Amino acid sequence: MRTAVSRVDELPAVLVTDDAIRAVVAFELAYRELSPGQRRLLRYLGLHPGPDFDVYAAAVLGNLTVVHARQGLGKLCERRLVVQDGIRYRLPEQVAEHARRLVARDPAASREVALGRLRDHLWPPGERGRRGTGRGRGPGPADRTRRG
């Protein structure tokens, strides 16, 4: 069932008085307008452990081709759910919180597979030992210029 309200500005002021509530409502409205693929990409971007990422990390998290990831990121940027800074992207903090909350509802196995793809992208198996990364310990000191 579709709601009659399509924008947060159309909500009565009495319903949206707190900035945090207003942000949640705005996010939910924007999220509903996304295609299923764009929703999934946004949710899985919430799994990225760093402050920003590139199109390749988005592709592996979303299980997309680079072309489709770039298109999806473009749509998310248009809706201001993702911010582009040169060749890097980031989720605004409130969007990241919502994305993490939503992806937590996806099956654990799906999240683990996506994180495995990201780990393999950031630290290919042959490089893990050489670069000082142990089993699940994350990047070592030599990894300050990691990909992703």
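Only a predicted model underlies this, so the values are computations on that prediction, with no experimental measurement involved.
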Fill in: Gln84, CD: over 12 other non-hydrogen atoms inside 6.0 angstrom
yes
Practice prompt. Assess whether atom CZ of Arg80 is packed by more than 12 heavy atoms of other residues, nucleotides or ligands within 6.0 Å.
Written response: no
Side-chain donor-acceptor pairs of residues 55-67 under 3.5 Å, sequence neighbours excluded:
residue: Thr65; atom: OG1; partner: His68; partner atom: N; Å: 3.0
residue: Thr65; atom: OG1; partner: His68; partner atom: ND1; Å: 2.8

Worksheet item: Taking the side chain from Arg90 and the backbone from Val83, do they hold a donor-acceptor pair closer than 3.5 Å?
Response: no
So, taking the atom named [atom1] in [X] and the one named [atom2] in [Y], what distance separates them when rounded to the nearest 0.5 Å?
| X | Y | atom1 | atom2 | value |
| --- | --- | --- | --- | --- |
| Glu33 | Lys75 | CD | NZ | 12.5 Å |
| Leu29 | Leu34 | CG | CG | 11.0 Å |
| Leu47 | Glu112 | CG | CD | 9.0 Å |
| Tyr31 | Gln38 | OH | CD | 11.0 Å |
| Ser110 | Arg43 | OG | CZ | 9.5 Å |

Ignoring hydrogens, what is the shortest heavy-atom contact between [X] and [Y]? Give both atom names and the distance.
| X | Y | result |
| --- | --- | --- |
| Ala99 | Gly46 | CB-CA, 3.9 Å |
| Arg101 | Glu28 | NH2-OE2, 3.2 Å |
| His121 | Pro124 | O-CD, 4.0 Å |

Worksheet item: Hey, mind stepping through Arg100 and Glu93 against salt bridge (Lys or Arg N to Asp or Glu O under 4.0 Å) and telling me if it holds?
Response: CA-CA 11 Å; Arg100 287 189 291 268; Glu93 188 54 41; 3.2 Å; yes
Does the side chain of [Y] come within less than 4.5 Å of [X]'s, by heavy atoms?
| X | Y | value |
| --- | --- | --- |
| Leu102 | Leu42 | no |
| Leu118 | His48 | yes |
| Arg111 | Val103 | yes |
| Leu45 | Leu73 | yes |

Discussion item. Apply side-chain contact (heavy atoms from CB on, under 4.5 Å) to residues Leu41 and Gln71 and explain how you reach the verdict.
Written reply: CA-CA 11 Å; Leu41 176 59; Gln71 290 170 347; over 6 Å; no
Practice prompt. List the steps and the verdict of side-chain contact (heavy atoms from CB on, under 4.5 Å) for Val95 and Leu76.
Written response: CA-CA 11 Å; Val95 173; Leu76 295 174; over 6 Å; no
Item to complete: Over 60° means perpendicular and under 30° means parallel, so classify the ring planes of Tyr89 and Phe53, tilted if in between.
Response: parallel
